[in-house]
Amino acid sequence: MRIPIQSVTPETGSAEIVGWVHEVRDLGGLAFFLIRDRTGIIQVTIPKKKASETVLSAVKEVSRESVVRVSGVVKAIDKAPGGRELVPDTFQIISKSDSPMPLDVVEKVPAELDTRLDSRFLDARRPRVSAVFQVRSAVMHATSDFLFSRDFINISTPKIVAAATEGGTELFPIAYFEKEAFLNQSPQLYKQMMMAAGFEKVFEIGPIFRAEEHNTTKHLNEATSIDIEVSFADHLDVMQLLEDLIIRIYSQVGDKCQGALDNLEIRDFEVPKAPFPRLCYADAIEIAQKKISDPIEYGDDIGSAAERAIGEEMGTHYFIVDWPTAIRPYYAMPCEDDPAICKAFDLMHPRMELSSGAQRVHQHDLLVSQIQSKGLNPDNFEFYLTPFRYGMPPHAGWGLGAERLVMTMLGLPNVREAVLFPRDRHRLVP
RNA sequence: GCCCAGGUAGUGUAGCGGCCUAUCAUGUCUGCCUGUCACGCAGACGACUCGGAUUCGAAUUCCGACCUGGGCGCCA
């Protein structure tokens with residue numbers, strides 16, 4: 001019976017393992033094989049004088065990264081990695097690997113990200129890569145656990161939509177039988193419609209599509225968005241929820257992913273401390289003006305140089321609040337006492353933006369006038385606007401970029417490292 | 001969309017008009033090796049993105065194409 005490599009200890013006695021041939025060191029009369037499965041690596045030691053013919057012939061034939069089944073006696077040896085090694089009675093080749101390989105799994109020679117992504121299945125055999133996706137999985141698990149524990153309902157909304165509803169970003173057009181359609185940039189409008197349906201608290205974790213021709217380390221054309229919407233809540237309520245969620249996610253990763261963090265050589269993993277500072281937009285602009293040479297003034301978008309400068313000053317997760325209504329989407333609620341400011345916020349990591357959200361406009365007529373003031377035509381929004389005429393509760397929500405969350409959590413240099421099969425300006429395969 | 005930098009063995013690199021029959025590492029193959037842990041030693045194998053041009057001579061210069069990385073813009 002096969003057991004996971006991690007659970008083979010000096011006390012195991014005898015064991016059968018299956019895994020990939022990670023490395024071979026043949027000293028002549030003695031050969032060492034490192035066998036890897038997703039739980040770890042064990043050394044298999046073959047004293048050639050004592051080994052059986054079948055073991056010897058398998059050892060001679062096997063290539064690196066082949067899949068093998070090995071069974072034998074576990075010996076406690078200080079000199080071996082993990083303090084134990086397996087001396088095989090049987091050594092069976094289950095699936096042989098060709099050579100040369102498109103990239104070096106052991107990483108004696110580094111490979112460029114592009115080469116790695118071309119052979120992602122091999123790249124992901126490397127413990128430090130698989131660790132990223134173990135952490136990502138834990139992030140997703142913690143997120144849905146947290147939201148379910150707060151009585152959220154999980155929803156799934158269409159990714160194929162009829163029109164460019166939200167404005168802002170470019171959309172991917174697709175052929176939908178005899179009609180034109182698009183891949184959705186955000187579940188925003190659908191989440192809001194479910195507020196009209198009385199679901200009160202919804203979340204969706206799903207893909208979003210942006211057809212921007214950017215070429216940077218923090219943008220993807222297909223990304224994963226963690227989206228929530230809450231009725232009878234304002235922006236402050238959902239900011240608190242977001243802060244609680246981020247802390248919960250970090251805590252869970254810290255508790256449950258120690259092995260993965262070790263593989264990533266992250267020794268100083270820290271859970272961010274609550275409360276996250278809240279910086280008003282006007283002050284953020286002032287900080288940027290002091291720290292960067294590019295001209296920036298009140299009313300401008302915060303570009304990447306400004307984003308970095310402000311992040312450096314803050315040094316931790318923080319919110320930017322009190323945004324000018326003019327530079328936020330039409331569905332952001334203007335403040336009652338000063339409609340030039342709205343109840344929108346961004347959650348920032350020192351490196352970049354992670355999330356943006358707002359209390360939404362729930363009054364039909366105000367929403368129509370805000371759509372018009374953005375230069376959009378309300379007639380194109382009928383499916384979205386109609387629910388606002390039949391008892392739309394006040395509500396607020398946010399969207400959080402899953403890849404950016406994982407990227408900033410693990411200090412990854414490129415957002416593509418946080419996606420198995422990234423879609424960017426040039427990459428459509430695999 | 002704009003700008004910059006690149007494309008050399010499977011992988012990562014050096015070379016930047018003649019010292020190139022192209023460096024080094026890793027890999028693969030062969031031989032030697034009983035405690036390796038980036039095992040070691042010896043030998044072999046394997047590459048200048050494509051098309052034009054300049055030149056006595058081009059991996060190296062020029063033009064074009066294709067591909068890639070990054071920055072900016074926009075965007076989350």
Side-chain angles (χ1 to χ4, degrees), chain A residues 22-34 41-51 60 63-65 75 77-83 85 87 97-119 122-123 126 166-171 185-188 207-227 292 294 300-308 327-329 344-349 351-357 398-405 407-408 413-416 424-427:
Chain A
H22 189 67
E23 229 175 318
V24 180
R25 298 190 192 101
D26 190 341
L27 273 57
L30 187 65
F32 300 103
F33 280 70
L34 298 183
I41 292 178
I42 189 170
Q43 176 165 288
V44 170
T45 301
I46 297 141
K48 292 192 184 167
K49 278 183 182 161
K50 295 177 190 166
K60 195 170 179 198
S63 53
R64 279 173 61 181
E65 292 303 323
K75 292 190 172 164
I77 302 272
D78 286 344
K79 287 179 274 193
E85 65 183 14
V87 179
S97 172
D98 275 353
S99 66
M101 310 226 296
L103 64 84
D104 176 16
V105 174
V106 178
E107 236 198 344
K108 288 182 183 175
V109 177
E112 291 193 355
L113 184 58
D114 195 47
T115 306
R116 293 171 42 208
L117 293 176
D118 281 341
S119 300
L122 275 182
D123 184 49
R126 293 165 35 203
E166 201 175 328
T169 192
E170 293 293 315
L171 289 112
Q185 70 186 87
S186 151
Q188 179 65 27
I208 56 171
F209 304 92
R210 311 280 163 105
E212 301 290 341
E213 294 188 2
H214 30 225
N215 188 356
T216 77
T217 53
K218 62 180 186 184
H219 289 96
L220 293 164
N221 293 294
E222 177 177 354
T224 308
S225 182
I226 300 165
D227 260 276
I292 62 172
D294 307 352
D300 289 344
D301 281 317
I302 296 177
S304 26
E307 194 175 81
R308 276 192 300 273
I327 58 171
R328 300 297 292 207
F345 59 88
D346 279 359
L347 173 67
M348 311 295 295
H349 177 276
R351 285 174 70 190
M352 71 189 76
E353 178 184 340
L354 296 182
S355 169
S356 61
W398 41 253
L400 168 65
E403 286 82 14
R404 287 187 175 185
L405 178 62
M407 174 193 189
T408 53
N414 193 314
V415 71
R416 294 167 180 83
D424 62 33
R425 177 73 185 84
H426 300 291
R427 181 170 290 277

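Atom set for the values below is all heavy atoms of this structure, side chains included, hydrogens, waters and symmetry mates excluded. Here is how names work: the chains are called A, B, and so on, in the same order as the sequence lines, proteins then strands, and each is numbered from 1.
For the P atom pair drawn from B:C48 and B:A5, the interatomic distance equals 26 Å after rounding to whole Å. Across B:G70 and B:A65, the matching C1' atoms stand 22 Å from one another, rounded to whole Å. Rounded to the nearest Å, the gap between the P atom of B:A53 and that of B:A58 is 12 Å. Straight-line distance between the C1' atoms of B:U8 and B:A22: roughly 8 Å, to the nearest whole Å. Rounded to a whole angstrom, the distance from the C1' atom of B:U13 to that of B:G6 is 14 Å. The same atom, C1', is picked in B:U23 and in B:A47; the two are 12 Å apart, to the nearest Å. Distance check on atom C1': B:A9 versus B:G46 gives 5 Å, rounded to whole Å. If you take atom P in B:U11 and the same atom in B:U68, they sit 15 Å apart, rounded to whole Å.
Within the 4.5 Å cutoff, the side chain of A:P329 has no heavy atoms near those of the A:Q188 side chain. Side-chain contact check for A:L34 versus A:Q43: some heavy-atom pair is nearer than 4.5 Å. Side chains of A:R210 and A:S186 form a contact here, defined as non-hydrogen atoms less than 4.5 Å apart. The shortest distance between side-chain heavy atoms of A:M101 and A:D104 does not fall below 4.5 Å. Between A:L122 and A:P102 there is a side-chain heavy-atom pair separated by less than 4.5 Å.
In this structure, A:S304 reaches the sugar-phosphate backbone alone: every heavy-atom distance under 4.0 Å involves primed, P, OP1 or OP2 atoms, never a base. Within 4.0 Å (heavy atoms only), A:D26 reaches at least one base atom of the nucleic acid. If you check every strand for non-hydrogen atoms under 4.0 Å, A:N414 touches sugar and phosphate atoms only. Among the protein residues, A:P81 comes within range of the nucleic acid bases, having at least one heavy atom under 4.0 Å from a base atom. Residue contacts for A:I77: at a heavy-atom cut-off of 4.0 Å it reaches a base atom on one of the strands shown. Counting non-hydrogen atoms under 4.0 angstrom, A:R308 reaches the backbone sugars and phosphates but no base. If you check every strand for non-hydrogen atoms under 4.0 Å, A:E23 touches sugar and phosphate atoms only. Among the heavy atoms of the strands lying under 4.0 Å from A:K49 is at least one base atom, whether or not backbone atoms are also near. Residue contacts shown for A:E307 are absent, as no nucleic acid heavy atom lies under 4.0 Å away. If you check every strand for non-hydrogen atoms under 4.0 Å, A:A31 touches nothing. Using a 4.0 Å heavy-atom distance criterion, A:L354 is classed as making no nucleic acid contact. When heavy atoms are screened at a 4.0 angstrom cut-off, A:R416 is found touching the sugar-phosphate backbone but no base atom. Across all strands shown, A:S355 has no heavy atoms under 4.0 Å from either base or sugar-phosphate atoms. A:D114 comes within 4.0 angstrom of the backbone, heavy atoms only, and of no base.
Listed pair A:H214 / B:C75 fails the phosphate criterion, with no side-chain N or O lying under 4.0 Å from OP1 or OP2. Between B:G27 and A:K108, a contact under 4.0 Å exists linking OP1 or OP2 to a side-chain N or O.
With rounding to whole Å, A:E112 atom CD is found 12 Å from B:G70 atom C1'. The CD-P distance, from A:Q188 to B:C75, rounds to 16 Å in whole Å. A:K50 places its NZ atom 12 Å from the C1' atom of B:G35, with the value rounded to the nearest Å.
The partner of B:U23 cannot be assigned: no Watson-Crick or G-U wobble pair with both contacts below 3.5 Å exists in any strand. Of the nucleotides present, none pairs with B:C37 by Watson-Crick or G-U wobble criteria with both distances under 3.5 Å. Across all strands shown, B:G7 is found opposite B:C66 as a Watson-Crick or G-U wobble partner, with both distances under 3.5 Å.
No hydrogens or angles were tested; on distance alone, nothing pairs the side chain of A:E107 with the base of B:G12 as donor and acceptor under 3.5 Å.
Mapping A:D78 and A:R404 onto RNA chain B by nearest heavy atom places A:D78 at the nucleotide closer to the 5' end. Nearest-nucleotide assignment on RNA chain B puts the 5′-proximal partner with A:D424, out of A:D424 and A:S356.
Among the nucleotides B:G1, B:U28, B:U68, the one closest to any side-chain atom of A:R64 is B:U28. Out of B:U34, B:G70, B:U11, the shortest distance to the side chain of A:L30 is found at B:U34. Picking from B:G70, B:G73, B:G1 the nucleotide with the shortest atom distance to the side chain of A:T217 gives B:G70. Of the candidates B:G12, B:G27, B:C75, B:G12 carries the atom nearest the A:P110 side chain, counting heavy atoms from C-beta on. Checking B:G1, B:C75, B:U11 against every side-chain atom of A:A111, the shortest atom distance belongs to B:U11.
With salt bridges taken as basic N to acidic carboxylate O contacts below 4.0 Å, one links A:K108 and A:E23. At a threshold of 4.0 Å, the pair A:R328-A:D346 counts as salt-bridged, since one of the basic side-chain nitrogens sits closer than that to a carboxylate oxygen. Here A:R427 pairs with A:D118 in a salt bridge; the nearest charged N to carboxylate O distance falls below 4.0 Å.
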